[in-house]
Amino acid sequence: MKTVVVGMSGGVDSSVSAYLLKEQGYKVIGLFMRNWDANINNDISGNPTLQDAICPQEKDYNDALAVCEKLDIPLKRVDFIKEYWDYVFSYFLEELKKGRTPNPDIMCNKYIKFDMFLKKAESLGADFIATGHFARLQDGKLLRGVDENKDQTYFLSQVSKEKFERVLFPVGSMTKKEIRTLASSLGLITASKKDSTGICFIGERHFTQFLENYLPNIPGDIIDIETGKKLGEHIGLMYYTIGQRKGLQLGGDTDKIFVVGKNLDKNHLYVAYGENNPYLFSDACLIEEVNLLTEEEISTCTAKFRYRQKDIPVTVKKCGEDYLVTYETAKSVTPGQACVLYDKEVCLGGGIIKEVYKKGEKLWYL
RNA sequence: UGCCUCGUAGCCAAGCGGUAAGGCACCACACUUUGACUGUGGCAUUUCGCUAGUUCGAAUCUAGCCGAGGCAG
């Protein structure tokens with residue numbers, strides 16, 4: 001009998017995952033992870049649950065425990081608070097300081113869930129680990145989750161290929177609706193629990209206030225990139241991402257205003273009018289830290305530059321350590337975000353967007 | 001100083017006697033394991049610079065005042 005350690009988050013997906021594995025005849029052990037502590041991590045300002053009698057993680061643990069008791073499997077717990085800070089959150093802050101838009105959840109999967117957690121599971125005697133991700137593994141390949149609205153392969157793109165040999169995604173071939181229906185019929189208390197959002201393990205935060213706990217905000221000018229005119233003032237470059245519209249507190253025109261770039265030296269935020277403004281578009285980007293999930297050479301495939309964005313056709317070419325990804329046109333391609341490559345259902349891996357180009361020229365304003 | 005124009009929510013801006021369009025911003029919700037994007041809804045009835053009139057009824061007409069421009073000088 002093979003042993004599987006399931007990452008129990010206290011949500012419905014991992015609850016059903018544990019059930020399915022048990023049905024399939026595995027010896028199942030639940031493992032609850034706690035990677036964030038609001039007090040230790042100074043997560044004070046902008047934290048909506050700070051005053052709650054029991055913190056959200058404790059509620060989640062209780063839910064996970066209730067599910068495990070129902071399924072008659074043991075539940076253990078482990079803390080990676082320091083590791084999460086060192087490998088995920090520090091990276092997150094460093095990237096923000098550089099004016100980029102990091103994706104902490106991608107690093108969380110790479111360093112915590114599919115590394116630290118995996119090692120911990122092995123020490124508990126695991127042959128495999130399992131999570132409630134919406135993704136599938138077939139013949140060593142990572143496939144999109146069947147529920148295309150919930151597919152999470154984007155977040156798994158930085159996990160190295162060999163890790164997946166010891167991973168199971170039991171709910172990857174189900175839709176969210178099927179999962180909830182099954183959970184409900186089993187009487188699991190997580191059946192109708194709301195999907196969690198926000199940074200994984202941290203949760204929803206008022207972004208501006210949240211960051212103020214960690215980074216100094218340095219106000220500067222908001223500049224219309226087309227005229228060079230000052231339109232207003234921003235509260236700190238790290239609060240804005242490319243393509244963002246909300247939070248500029250600028251109005252007065254009939255058209256919408258979007259963030260198109262930043263200048264760290266001058267502490268300027270560049271904006272432009274209109275959702276189809278040329279400054280928002282590009283036709284190529286250079287990606288770094290490329291992690292491939294296939295042995296085969298990649299030339300043409302599809303890619304997405306942000307989670308839940310539609311795939312677009314691209315061509316890929318190795319360029320030293322990095323890869324050059326070219327495409328007809330894409331909007332709001334943002335340094336720091338992941339570019340994830342696909343061949344139909346197969347996730348080929350991806351990289352982190354480093355530079356963005358248009359007509360052979362690097363976009364100077366990013 | 002004389003003459004002219006203008007003053008509508010945080011911003012832009014319709015309305016020109018019949019009981020305050022719209023856009024941007026902002027807020028809420030939906031969507032969402034990354035900060036978005038997107039969608040839906042809310043958002044001036046102690047109201048239209050202030051005061052006093054005309055009128056059944058005014059942001060819309062009249063007078064004065066205040067304020068912002070402009071033309072004469």
Along RNA chain B (nearest heavy atom to each residue), the more 5'-positioned of A/K194 and A/Y239: A/K194
Interatomic spacing from CG in A/N35 to SG in A/C200 - rounded to 0.5 Å: 8.0 Å
Rounded distance (Å) that lies between atom P of B/rA25 and atom OH of A/Y240: 13 Å
Contact nearer the 5' end of RNA chain B, comparing A/D195 with A/Q309: A/D195
Sugar-phosphate only, base, or nothing, as touched by A/I106 at under 4.0 Å among non-hydrogen atoms: nothing
Rounded distance (Å) that lies between atom C1' of B/rU34 and atom CG of A/L211: 12 Å
For atom CH2 of A/W36 and atom P of B/rU34, their distance in whole Å: 15 Å
Same-atom distance (C1') from B/rG73 to B/rC12, integer angstrom: 35 Å
Pairs touching residues 184-228 of chain A that satisfy ring-ring contact (aromatic ring centres under 6.0 Å, His included), sequence neighbours left out: A/W85-A/Y214, A/F89-A/F210, A/F89-A/Y214, A/F210-A/Y214
Pair A/T101-A/R306, side-chain donor/acceptor within less than 3.5 Å: no
Euclidean distance, atom CG of residue A/L93 to atom P of B/rG35 [Å, nearest integer]: 14 Å
Pairing string, 5' to 3', for RNA chain B - Watson-Crick or wobble contacts under 3.5 Å, brackets [ ] where pairs cross, | to another strand: ((((((((.[[[..)..(...]]].(((((.......)))))......[[[[[..)....]]]]]))))))).
Pairwise P distance, B/rC26 and B/rC6 [rounded to whole Å]: 33 Å
Heavy-atom pair with the smallest gap, counting every atom of A/V6 and A/S17: CG1-CB, 4.4 Å
Student check: side-chain heavy atoms of A/I202 and A/Y84 closer than 4.5 Å: yes
Rounded C1' spacing from B/rU46 to B/rC56 in Å: 24 Å
N or O in side chain of A/N149 less than 4.0 angstrom from B/rC31 OP1/OP2: no
Sugar-phosphate, base or nothing in reach of A/K113, heavy atoms under 4.0 Å: base
A/N109 vs A/Q158, side chain to side chain donor-acceptor pair (under 3.5 Å): CA-CA, chis, key distance, verdict: CA-CA 8 Å; A/N109 282 326; A/Q158 283 287 320; over 6 Å; no
Aromatic plane relationship, A/H133 with A/F169 - under 30° parallel, 30 to 60° tilted, over 60° perpendicular: perpendicular
Please tabulate, one pair per line, all N/O donor-acceptor pairs under 3.5 Å involving side-chain atoms of residues 297-305 of chain A, not counting sequence neighbours.
{"residue": "A/T302", "atom": "OG1", "partner": "A/D311", "partner atom": "OD2", "Å": "2.8"}
{"residue": "A/T302", "atom": "OG1", "partner": "A/Y342", "partner atom": "O", "Å": "3.3"}
{"residue": "A/K304", "atom": "NZ", "partner": "A/Q309", "partner atom": "O", "Å": "3.2"}
{"residue": "A/K304", "atom": "NZ", "partner": "A/D311", "partner atom": "OD1", "Å": "3.4"}

Gap in Å between the two C1' atoms, one belonging to B/rC48 and one to B/rG41, rounded: 26 Å
Integer angstrom distance from the C1' of B/rG69 to that of B/rA52: 27 Å
Using a cutoff of under 3.5 Å, can you pull out all pairs of nitrogen or oxygen atoms linking the protein to nucleotides 22-24 of chain B, with atom names and distances?
{"residue": "B/rG23", "atom": "O2'", "partner": "A/T254", "partner atom": "O", "Å": "2.3"}
{"residue": "B/rG23", "atom": "N2", "partner": "A/G252", "partner atom": "N", "Å": "3.4"}
{"residue": "B/rC24", "atom": "O4'", "partner": "A/D253", "partner atom": "O", "Å": "3.0"}
{"residue": "B/rC24", "atom": "O2'", "partner": "A/L250", "partner atom": "O", "Å": "3.2"}
{"residue": "B/rC24", "atom": "O2", "partner": "A/G252", "partner atom": "N", "Å": "3.3"}

Stretch residues 323-339 of chain A: residues that reach within less than 4.0 Å of RNA chain B through a heavy atom: A/Q337
Sugar-phosphate, base or nothing in reach of A/G247, heavy atoms under 4.0 Å: sugar-phosphate
Under 4.0 angstrom between A/K150 side-chain N/O and B/rU33 OP1 or OP2: yes
Length of the line joining A/H206:NE2 and B/rC27:P, which is rounded to integer Å: 7 Å
Touch class at under 4.0 angstrom, heavy-atom based, for A/F258 against every strand present: sugar-phosphate
Rounded C1' spacing from B/rG23 to B/rG18 in Å: 27 Å
Phosphate OP1/OP2 of B/rU33: any A/Y307 side-chain N/O under 4.0 Å: yes
Closest to the A/N103 side chain, choosing from B/rU33, B/rU34, B/rG35: B/rU34
Inter-nucleotide C1' distance (B/rU55, B/rU19), Å rounded: 14 Å
Close side-chain approach of A/S9 to A/D60, heavy-atom, < 4.5 Å: no
Pairs meeting criterion salt bridge (Lys or Arg N to Asp or Glu O under 4.0 Å) with involvement of residues 120-131 of chain A, two or more places apart: A/E122-A/R166
Sugar-phosphate, base or nothing in reach of A/R205, heavy atoms under 4.0 Å: nothing
Flag side-chain contact, heavy atom, 4.5 Å: A/E295 against A/K161: yes
Touch class at under 4.0 angstrom, heavy-atom based, for A/N109 against every strand present: base
Check: A/Y307 ring centre within less than 6.0 Å of A/F155 ring centre: yes
Rounded interatomic separation in angstrom, taking CZ from A/F281 and P from B/rC37: 15 Å
Euclidean distance, atom CD of residue A/Q244 to atom P of B/rG35 [Å, nearest integer]: 11 Å
Cation-pi, A/Y61 ring and A/R77 (6.0 angstrom, 45 degrees): yes
Distance-only donor-acceptor check, side chains A/Y357 and A/T326, under 3.5 Å: no
Integer-rounded Å distance: B/rC31 P and A/K177 NZ: 15 Å
Nucleotide nearest A/R308 when distance is taken to its side chain, options B/rU33, B/rU32, B/rC37: B/rU32
Atom C1', compared across B/rU8 and B/rU47: separation rounded to whole Å: 9 Å
